[in-house]
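Each remark here refers to the structure printed beneath this line.
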Amino acid sequence: MTNDVRLVDSHAHDRPFSHASIVGPWIFTKGTAGYDPETSQFPPDIRDQTAQCMKNLANILKECDATFADVVKVNVYLVNVDDYDAVNEVYLKAMNGHKPARCCVGVAALPSKNENMKIEMIAYKKELA
């Protein structure tokens with residue numbers, strides 16, 4: 001296994017992090033929210049935020065030559081745990097039957113105003129080794 005780290009960004013930004021880090025066959029995404037990079041806004045509805053978040057994650061994984069089918073671990077962060085069912089509804093549809101190990105936690109707040117949820121993923125892509 002290589003110790004090389006490749007940093008990947010799915011779109012231009014001025015934040016102090018990469019959208020993903022690739023280490024050998026492992027892909028680690030950043031904590032990704034439902035922020036729409038085209039409008040610079042968070043959709044007001046939790047389902048719409050989750051759908052945008054999953055779209056953002058799909059784009060990040062695509063830049064790493066991976067898909068949701070390569071994901072082995074997911075962490076979900078919710079400002080309001082009452083949104084759990086709504087987030088799951090959108091998440092399950094986007095994952096298309098793939099069910100990697102997952103953790104979901106309630107948090108007091110997330111960094112951006114109107115940010116109500118965030119998801120990070122770990123993927124394994126043997127071909128990257």
Side-chain angles (χ1 to χ4, degrees):
M1 181 171 127
T2 180
N3 288 327
D4 293 337
V5 176
R6 186 173 70 140
L7 304 177
V8 177
D9 289 311
S10 63
H11 64 272
H13 65 92
D14 60 357
R15 301 292 177 112
F17 51 78
S18 296
H19 290 146
S21 299
I22 301 173
V23 182
W26 296 98
I27 301 165
F28 301 86
T29 73
K30 72 179 186 79
T32 303
Y35 178 81
D36 185 341
E38 292 180 17
T39 65
S40 301
Q41 300 290 320
F42 287 95
D45 179 75
I46 192 65
R47 283 179 176 83
D48 293 338
Q49 275 196 32
T50 306
Q52 183 64 51
C53 175
M54 296 302 287
K55 180 180 176 182
N56 295 345
L57 284 162
N59 289 336
I60 292 168
L61 290 170
K62 182 178 179 182
E63 290 295 321
C64 300
D65 298 320
T67 68
F68 289 142
D70 299 306
V71 173
V72 297
K73 176 71 167 91
V74 177
N75 293 323
V76 179
Y77 305 93
L78 300 176
V79 172
N80 182 350
V81 293
D82 290 338
D83 290 335
Y84 183 79
D85 290 336
V87 169
N88 275 341
E89 177 186 317
V90 177
Y91 169 87
L92 287 168
K93 183 177 178 182
M95 293 299 281
N96 197 30
H98 182 58
K99 295 181 180 179
R102 193 181 93 170
C103 175
C104 182
V105 295
V107 296
L110 290 166
S112 298
K113 184 179 178 184
N114 300 321
E115 181 179 13
N116 297 315
M117 53 81 59
K118 186 170 277 200
I119 298 175
E120 63 184 356
M121 295 182 166
I122 301 172
Y124 180 84
K125 191 78 172 169
K126 183 178 179 181
E127 297 83 2
L128 296 175

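Computed from a predicted structure; not experimentally measured. Along the sequence shown, residues are numbered consecutively beginning with 1.
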Criterion side chain to side chain contact (heavy atoms under 4.5 Å, CB included) against Phe42, the qualifying member of Asn114, Asn116, Asp48:
Asn114

May I ask whether Val74 and Leu110 are part of the same hydrophobic cluster, defined by side-chain heavy atoms of I, L, V, M, F, W, Y residues being less than 4.5 angstrom apart, directly or through others?
no

With sequence neighbours excluded, residues passing salt bridge (charged side-chain N to carboxylate O under 4.0 Å, His left out) with Arg47
Glu89

I need the Leu61 CG to Asn56 CG distance, nearest 0.5 Å.
11.0 Å

Restricting to side chain to side chain contact (heavy atoms under 4.5 Å, CB included), what partner residues turn up for Val72, sequence neighbours left out?
Trp26, Ile122, Tyr124

Thr50 (side chain) donor-acceptor with Val87 (main chain) under 3.5 angstrom:
no

Side chains of Pro100 and Lys73, heavy atoms from C-beta outward: is any pair under 4.5 Å?
no

State the OG1-CD1 distance between Thr29 and Ile60, to the nearest 0.5 angstrom.
6.0 Å

Measuring from Cys64:SG to Phe28:CZ, what's the distance to the nearest 0.5 Å?
11.5 Å

Do you reckon Leu78 sits in the same ILVMFWY cluster as Met54, going by side-chain contacts under 4.5 Å, direct or chained?
yes

Supply the atom-to-atom distance Ile22 CD1 to Leu128 CG, rounded to the nearest 0.5 angstrom.
5.5 Å

hydrophobic_cluster_shared for Ile119 and Val105, side chain cutoff 4.5 Å:
no

To the nearest 0.5 Å, what is the distance between CG on Asn80 and CE on Met117?
12.5 Å

What one should report as the nearest heavy-atom pair of Pro37 and Gln52 is CD-NE2, 4.0 Å

Student check: side-chain heavy atoms of Met121 and Leu57 closer than 4.5 Å
yes

Side-chain atoms of residues 91-99: list all donor-acceptor pairs with protein atoms under 3.5 Å, sequence neighbours left out, distances to 0.1 Å.
residue, atom, partner, partner atom, Å
His98, NE2, Phe68, O, 3.3
His98, NE2, Val71, O, 2.7

Pairs flagged by side chain to side chain donor-acceptor pair (under 3.5 Å) wherever residues 36-46 is involved - sequence neighbours left out
Tyr35-Ser40

For Glu115, check salt bridge (charged side-chain N to carboxylate O under 4.0 Å, His left out) against everything at least two apart and list the hits.
Lys118

Contacts of Glu120 meeting side-chain hydrogen bond (donor to acceptor under 3.5 Å, both in side chains) (sequence neighbours excluded), chain-then-number -> Asn75, Tyr77

For Asp70, enumerate each residue passing the side chain to side chain contact (heavy atoms under 4.5 Å, CB included) test, keeping only those at least two apart in sequence or located in another chain.
Ala66, Thr67, Ala123, Lys125

